[in-house]
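This report concerns only the one structure given below.
Chain identifiers are assigned alphabetically (A, B, ...) following the order of the sequence lines, protein sequences preceding nucleic acid strands; residue numbering begins at 1 within each chain.
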Amino acid sequence: MRIATFNVNGINTRLPNLLQWLEAERPDVVCLQELKADQHAFPLAALEAAGYGAVWQGQRSWNGVAILARGATPVLTRRRLPGDPDDAQARYIEAAVDGVLVASLYLPNGNPRPGPKFDDKLAWFERLIAHAAELMAAGVPVVLAGDYNVVPTEADIYPGHREKENALLAGQSRSAFARLVDQGWTDALRQRHPEGRLWTFWAYLHQRWPNDKGMRLDHLLLSPNLAFRLTEADVSRDVRGKAGASDHAPAWLVLGPETRRRGARKPKASA
DNA sequence: ATGACCGTACGATACGGA
């Protein structure tokens, strides 16, 4: 089972790139962020023609998240992160696909720091940590995938950067991410590649892509009852190099088949 | 560095993004 996360930066403008990538990699589950499209402007017909069902939470101009499933429609469980009834931004959606609970999330950027936007980022993070703790306690097989807008460590950004004030690298952002992971989640990309570059984002400005000056912002966290099935994880860097690309590349993982329990045959997981 | 690049909504410019 191949699960990917991709900040598309405008799903309608990016539709040709998205469809090309779906056709090339055929992921089973896809978490999308930054749809930048109203609920009614989601390109469902084009995605269905490509073989995918979808649930999504749209928003005009900004934000917007979706979950796609190949050959199925994800079973929606939430379209809001609990904890703040006044939060009107489309930054979280959650659905069940083939026995796995999948969350597609888009954390607030938080810049400039300090300021109210950074405070909002930390508040959203606390809500995510609280909800993740509930999912963990419930023992559900979960993948929390998306654009966390956090560079977890200095190994996750190009050397020589001068981003001291950036909310993506701030100690409070990093410690919040660490507290989340420390609940027992597995950071799938780092698990498979303990060393080396795993950039998922290269800014449009400053020749960042040609110079390979990127950051790792997009993460897939696995609950323990899925982490043991992790066989592969990586970033599809080539997607970032295409004409008309998003400033993010897809990150993905592969879960191997479930182990068969004695006396209980389980359906074979799809590759 | 009031810069750049990109998508959106708007309407020929402003804002958000990271």
Side-chain angles (χ1 to χ4, degrees), chain A residues 5-19 21 32-43 46 56-66 87-92 104-125 128 145-174 176-177 189 197-219 235 237 239-251:
Chain A
T5 183
F6 185 16
N7 179 323
V8 289
N9 189 18
I11 192 169
N12 286 305
T13 296
R14 205 72 59 209
L15 194 55
N17 300 61
L18 175 61
L19 293 173
W21 168 68
L32 298 175
Q33 301 86 34
E34 282 211 82
L35 305 180
K36 294 186 172 181
D38 183 79
Q39 185 71 9
H40 304 291
F42 186 82
W56 67 98
Q57 183 69 18
Q59 185 180 335
R60 186 173 172 266
S61 305
W62 300 305
N63 309 316
V65 286
D87 179 4
Q89 299 189 335
R91 294 183 176 277
Y92 187 91
S104 177
L105 63 97
Y106 176 47
L107 244 122
N109 174 305
N111 281 306
R113 181 181 74 94
K117 294 201 169 186
F118 188 61
D119 297 339
D120 289 347
K121 175 181 196 160
L122 297 179
W124 204 96
F125 225 140
L128 177 62
D147 179 357
Y148 285 71
N149 268 318
V150 177
V151 175
T153 74
E154 281 300 298
D156 295 311
I157 183 168
Y158 63 92
H161 73 86
R162 290 176 298 186
E163 302 278 1
K164 273 196 177 309
E165 306 305 319
N166 198 320
L168 282 63
L169 287 71
Q172 285 163 294
S173 303
R174 286 179 168 171
F177 185 78
L189 270 82
R197 299 180 171 194
L198 287 169
W199 318 152
T200 65
F201 165 83
W202 297 257
Y204 289 125
L205 290 73
H206 314 303
Q207 301 278 313
R208 291 284 203 258
W209 168 249
N211 294 320
D212 193 22
K213 291 185 170 180
M215 321 179 186
R216 187 166 78 104
L217 302 182
D218 302 271
H219 310 297
V235 179
R237 290 173 57 105
V239 172
R240 180 62 180 83
K242 305 273 190 191
S246 169
D247 43 6
H248 293 250

Same-atom distance (P) from B:dG16 to B:dG3, integer angstrom = 14 Å
Could you tell me which residues satisfy side chain to side chain contact (heavy atoms under 4.5 Å, CB included) with A:Asp120, sequence neighbours excluded, listed by chain and number?
-> none
So what does A:Tyr106 hit on the nucleic acid, given a heavy-atom distance under 4.0 Å: a base, only sugar-phosphate, or nothing?
-> sugar-phosphate
Would you classify A:Glu34 as touching base, sugar-phosphate or nothing, given that sugar-phosphate means primed atoms plus P, OP1 and OP2, and contacts are heavy atoms under 4.0 Å?
-> sugar-phosphate
Report the residues that fulfil side-chain hydrogen bond (donor to acceptor under 3.5 Å, both in side chains) with A:Thr200, sequence neighbours left out, ordered by chain and then residue number.
-> A:Asp218
Partners passing side chain to side chain contact (heavy atoms under 4.5 Å, CB included) against A:Glu165 (at least two apart in sequence or in another chain) | A:Arg113
NA contact type, A:Asp247, heavy-atom cut-off 4.0 Å: base, sugar-phosphate, or nothing?
-> nothing
If the P atom of B:dA18 is compared with that of B:dG7, how far apart are they to the nearest Å?
-> 14 Å
May I have the distance from A:Gln89 (atom CD) to B:dG17 (atom C1'), rounded to whole angstrom?
-> 13 Å
Which heavy-atom pair separates A:Leu35 from A:Gln57 by the least distance, and what is that distance?
-> CD1-O, 4.0 Å
Specify the separation, in whole Å, of atom CG of A:Asn7 and atom C1' of B:dG17.
-> 10 Å
Taking for each residue the nucleotide of DNA chain B bearing the nearest heavy atom, is the 5' side occupied by A:His206 or by A:Pro112?
-> A:His206
With sequence neighbours left out, which residue pairs that include part of residues 148-160 of chain A fulfil the salt bridge (Lys or Arg N to Asp or Glu O under 4.0 Å) condition?
-> A:Glu154-A:Arg174, A:Asp156-A:Arg190, A:Asp156-A:Arg216
Rounded distance in Å - NE2 (A:His248) to P (B:dC5) = 18 Å
Using the P atom in both, what is the distance from B:dA4 to B:dA14, to the nearest Å?
-> 12 Å
Residue list, side-chain hydrogen bond (donor to acceptor under 3.5 Å, both in side chains) with A:Tyr92, at least two apart or on another chain = A:Glu94, A:His131
Could you tell me the separation between the CG atom of A:Asp120 and the C1' atom of B:dG17, rounded to a whole number of Å?
-> 15 Å
What string of B, S and - do you get for nucleotides 7-16 of chain B 5' to 3' if you count protein non-hydrogen atoms under 4.0 Å?
-> SSSS-----S
How would you list, by chain and number, every residue that makes a salt bridge (Lys or Arg N to Asp or Glu O under 4.0 Å) with A:Arg197, sequence neighbours excluded?
-> A:Asp212
Do A:Asn109 and B:dA18 share a donor-acceptor pair, side chain to base, under 3.5 Å?
-> yes
Side chains of A:Leu107 and A:Phe177: closer than 4.5 Å at any heavy-atom pair?
-> no
Hits for side-chain hydrogen bond (donor to acceptor under 3.5 Å, both in side chains) against A:Asn149, two or more places apart or cross-chain, chain-then-number order -> none
A:Phe201 has an atom CZ; how far is it from atom P of B:dC5, in whole Å?
-> 15 Å
How about A:Phe201 and A:Arg208: do any of their side-chain heavy atoms sit closer than 4.5 Å?
-> no
Inter-nucleotide P distance (B:dC5, B:dG11), Å rounded | 25 Å
Rounded distance in Å between the C1' positions of B:dT2 and B:dT13 | 15 Å
Nucleotide B:dA1, atom P - distance to CG of A:Leu205 in whole Å = 15 Å
Write down the distance separating the C1' atoms in B:dC10 and B:dC15, rounded off to the nearest Å.
-> 11 Å
Could you list by number each residue of residues 151-171 of chain A showing a heavy-atom separation from DNA chain B of less than 4.0 Å, or answer none if no residue does?
-> A:Leu168
Between CG of A:Asn17 and C1' of B:dC6 the distance, given in whole Å, is 13 Å
